[in-house]
Each structure stands twice: as structure tokens, then as C-alpha cells.
Engineer: 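Just dropping this structure here.
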Amino acid sequence: MIVGLLFAAIAGSLVSLQNIFNSKVNERASTWSTTTLVLGLGFLASFLFGIAFEGKQLFNLQDMKTWYWFSGIIGVGVVTCIVNGMRLLGPTYTISIMMTSQLGFALLFDSLGWLGLAQVPFTFKQLLGVLIIIAGIVVFKFSGSSEKQAVVKATKYVS
Amino acid sequence: MKGIIFAFLGGAFITLQGVANARISQDIGTWQAATITQLTGFLMALLILLLVRDGKWRSFMQVKPLYLTGGALAAIIIFTNVVAIQKVGVTLSIAVILIAQLALTFIIDANGWFGVVKQKVKMPQFIGIGMMIAGVLILSS
């Protein structure tokens, strides 16, 4: 359990760093140039790590299903939704709604065991935990200064 | 209303991305999953970039090289995200990811690191993060 939580914390910290770096790029370049660069480098880095750790095994894709080839397109959906959300609602509302939705769908995926992941039974305790986290997000996001929110860009969330 | 739908779907897609990566990793391996999803995402973004024609490639030259490398972090983000989902489930993983993400951004803003505009720390922000941690403790108890 500790490993899982630690890895999630590493992932979240790196998302934060990546968000800041990407928004620096997005200050100068367009949203889609930034997205293309970010995903291109993500591919290159994953490929190099893959070669380093797996060698030729990286190219062994015999259990590949057709839809796996299309899953990367979800990232493009993420950017499109956030760009439009930010434009229509502004960052504070967009990020609060987005994080709430992220947690809500997480709970749904866990309790239904969709896509063949191990099912985590839905309990009242889980619902309570998620609701308190969402309340925390709202308190955090709506207490932050508005200048800070203004620099948030959609490409932050591209990975 | 349209904005709310976009934000809602954006969040759904982010979770779906993590779950899909975890699923694909079970079959072909995590580095394979990361490589393929980033490659197909890159090709799709490139296609859109060519269609909308808003590419100003030269503008990359005005950005500090360090900031251009942010995309490479995705390799480690996907890997750690997949392992976390496999070990503790989607809900707990996403909850901890969001806390770490908000907390580090908060620390960077408070110190003005990476040339971001320094922000004053506000009490309710601590309360917000505290509530999120309390929620995770309830989830994992």
C-alpha cells in the first residue's frame, strides 16, 4: 500500500512540475504546438526508458488489442475540454469541476471494475472520503488569489 | 452550462487515461503502454496542429530549454500512475495525485520558484489541503 501511495505522490508532484513547465512554453507558443511538443517528448522519453529497461521486449506487442492504438487520443480530448472549459468558465471553476469529476469517475471505475481492473467495492466510507476531498479542493481553489489562476493554461494537463 | 460539460468531460478523460494506461499495461507492459499512448497522442496532436495551422515553431526558441523538456516527465508520470492504480486502486491514486499536485504547486507559488509570480500564502489553502489529506486517511483506513 505504501508503495502505491508513494508512487501516486511522485506522479502528482511531477504533474505539478510539468504543468508549470508546459504553461511557460504555452506563454510563447500556441496550445497545439505546445501539446504536440509535450506528447512528442513524452513518447521519446517513454521509448528510451522502455529500451533501457526492457530491451527488445519493448517491441513485443502480441497481446495488443486494436483499441490500445487509439487510447492516446484521450489526451487530445483532455486538452480540447480544458481549453474550452477555461474559456467559458475561467480556471477556478474549471479546475474545481474537473478535479471533482476526476474523483467521481475514479470511484465509479473502482466500484464497477471497468476495463478489467481489480474491483474495489463501493462503501459509505469511500463516498465520505471523496466528498471531504472535494470539499477540500473547493476550499483550496476558491481561497487562492485570482492572479495565480489567470496563468493556468490547458496544456498543463496534457500528460 | 457548456463550460461545465467541458470541465466535467475533461476530468472524466483524465481518469479514463490513467485507467486505460493501467489496463493496457496489464497486457503489454507499462513502458510499452506509455510509448504507444504518447506516440498516438503525439500524432493526433500533430494532425490537429497542421489542420488549425497555428504552429509558430520559432516561438519555442524564446522559451528556456529546461521548460521545453516538461513533456519528458510524462514517462515517469505514466509509470508511477499505473503502478499506483494497480496497487491501491483508482480512487486513492487520484486523490493522492491531486494532493501532491496542489501541494507542490502551492509551495512553488509561495516561493516563486521557476520564475512564477510569488503568491501570498493564505490560511484557507492550508485548511483545504488538510481536508484533502483527511479524506485520503478516511479512504485508506
Side-chain angles (χ1 to χ4, degrees), chain A residues 4 7-16 18 21-22 24 28-30 32-33 35-36 38-43 45-47 49-50 63 68 71-78 81-82 84-85 88-89 94 97-98 101-102 105-107 109-110 115 120 129 132-133 136 139-140 143 148 159, chain B residues 3 6-15 17 19-20 23-24 27 31 34-35 37-42 44-46 49 54-55 59 62-63 67 70-75 77 80-81 83-84 87-91 93-94 96-97 100-101 104-105 119 122 124-125 128 131-132 135 138-139:
Chain A
F7 273 43
I10 294 172
S13 308
L14 292 178
V15 168
S16 159
Q18 199 193 34
F21 288 10
N22 290 358
K24 291 273 175 192
R28 306 270 179 194
S30 69
W32 288 108
S33 322
T35 306
T36 307
V38 167
L39 290 170
L41 279 180
F43 160 67
S46 307
F47 183 77
F49 273 115
D63 289 320
Y68 296 175
S71 65
I73 296 168
I74 302 169
V76 172
V78 173
C81 286
I82 298 171
N84 286 293
L88 294 163
L89 293 179
T94 305
I97 295 169
M98 209 172 70
S101 163
Q102 257 178 281
F105 277 95
L107 201 54
F109 270 105
D110 266 343
L115 294 179
V120 181
I132 291 175
I133 295 170
V139 169
F140 182 87
S143 64
K148 167 184 159 185
S159 77
Chain B
F6 275 122
F8 178 78
L9 284 178
F13 284 147
I14 293 176
T15 296
Q17 205 170 32
V19 174
R23 176 72 190 86
I24 297 170
D27 276 359
W31 295 113
T35 305
T37 51
Q38 295 285 291
L39 175 63
T40 51
F42 163 70
M44 191 70 194
L46 185 63
L49 179 62
D54 68 347
S59 47
Q62 302 167 346
V63 183
Y67 300 140
L73 294 173
I77 293 172
T80 46
N81 190 9
V83 174
K87 299 247 183 219
V88 296
V90 191
T91 312
S93 298
I94 301 251
V96 174
I97 285 172
Q101 188 185 326
L104 185 59
T105 306
Q119 301 291 331
K122 291 182 180 160
Q125 293 180 304
M131 287 169 75
M132 293 176 75
I138 294 173
L139 276 182

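Just so it is clear: chains get the letters A, B, ... in the order the sequence lines come, proteins before strands, and each one is counted from 1.
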Engineer: Which one of A/Thr36, A/Val120, A/Ile132, A/Leu107 has the most heavy-atom pairs closer than 4.5 Å to chain B?
Structural biologist: A/Thr36
Engineer: Output the distance between atom CZ (B/Phe6) and atom OG1 (A/Thr94), rounded to the nearest 0.5 Å.
Structural biologist: 11.0 Å
Engineer: Select one option (side chain, backbone, both, neither) describing which atoms of A/Leu89 are under 4.5 Å from chain B's heavy atoms.
Structural biologist: side chain
Engineer: For a side chain to side chain contact (heavy atoms under 4.5 Å, CB included) with A/Gln102, tell me which candidate from B/Ile94, B/Ile97, B/Thr91 qualifies.
Structural biologist: B/Ile94
Engineer: If I compare all heavy atoms of B/Pro124 with all of A/Val139, which pair ends up nearest, and what's the gap?
Structural biologist: O-CG1, 3.3 Å
Engineer: Give the member of A/Phe47, A/Tyr68, A/Phe49 that has the highest number of heavy-atom pairs under 4.5 Å with chain B.
Structural biologist: A/Tyr68
Engineer: For residues B/Gly71 and A/Asn22, report the shortest heavy-atom separation together with the two atoms involved.
Structural biologist: N-OD1, 4.2 Å
Engineer: If you measure from CZ on A/Phe140 to CE on B/Met132, what distance do you get to the nearest 0.5 Å?
Structural biologist: 8.5 Å
Engineer: So which atom in B/Ile77 and which in A/Gln18 form the shortest heavy-atom distance, rounded to 0.1 Å?
Structural biologist: CD1-OE1, 3.8 Å
Engineer: Shorter than 4.5 Å, heavy atoms on both sides: which option in A/Leu14, A/Asp63, A/Ile133 has the most such pairs with chain B?
Structural biologist: A/Ile133
Engineer: Which value, rounded to the nearest 0.5 Å, describes the distance between A/Ser46 atom OG and B/Leu39 atom CG?
Structural biologist: 10.0 Å
Engineer: Which heavy atom of A/Ser101 sits nearest to which heavy atom of B/Phe8, and what is that distance?
Structural biologist: OG-O, 2.6 Å
Engineer: Yes or no on ring pair (Phe, Tyr, Trp, His ring centres under 6.0 Å) for B/Phe13 and A/Phe105, after CA distance, side-chain angles and deciding distance?
Structural biologist: CA-CA 9 Å; B/Phe13 284 147; A/Phe105 277 95; 9.2 Å; no
Engineer: With chain B as the partner, which of A/Leu115, A/Ile73, A/Leu88, A/Val76 has the greatest number of non-hydrogen pairs under 4.5 Å?
Structural biologist: A/Leu115
Engineer: What's the shortest heavy-atom distance between B/Ala20 and A/Ile74, and which atoms?
Structural biologist: CB-CD1, 4.3 Å
Engineer: For each of A/Gly85, A/Ala8, A/Ala29, tally heavy-atom pairs with chain B at distances under 4.5 Å, and name the one with the top tally.
Structural biologist: A/Ala8
Engineer: Flag the one option from B/Thr37, B/Leu73, B/Val90, B/Leu139 with the top tally of heavy-atom pairs under 4.5 Å to chain A.
Structural biologist: B/Val90
Engineer: Below 4.5 Å, heavy-atom pairs only: which of B/Thr40, B/Thr15, B/Val96, B/Leu9 has the largest tally toward chain A?
Structural biologist: B/Thr15
Engineer: Search all heavy atoms of B/Ala72 against all heavy atoms of A/Ala45 and return the closest pair with its distance.
Structural biologist: O-CB, 3.5 Å
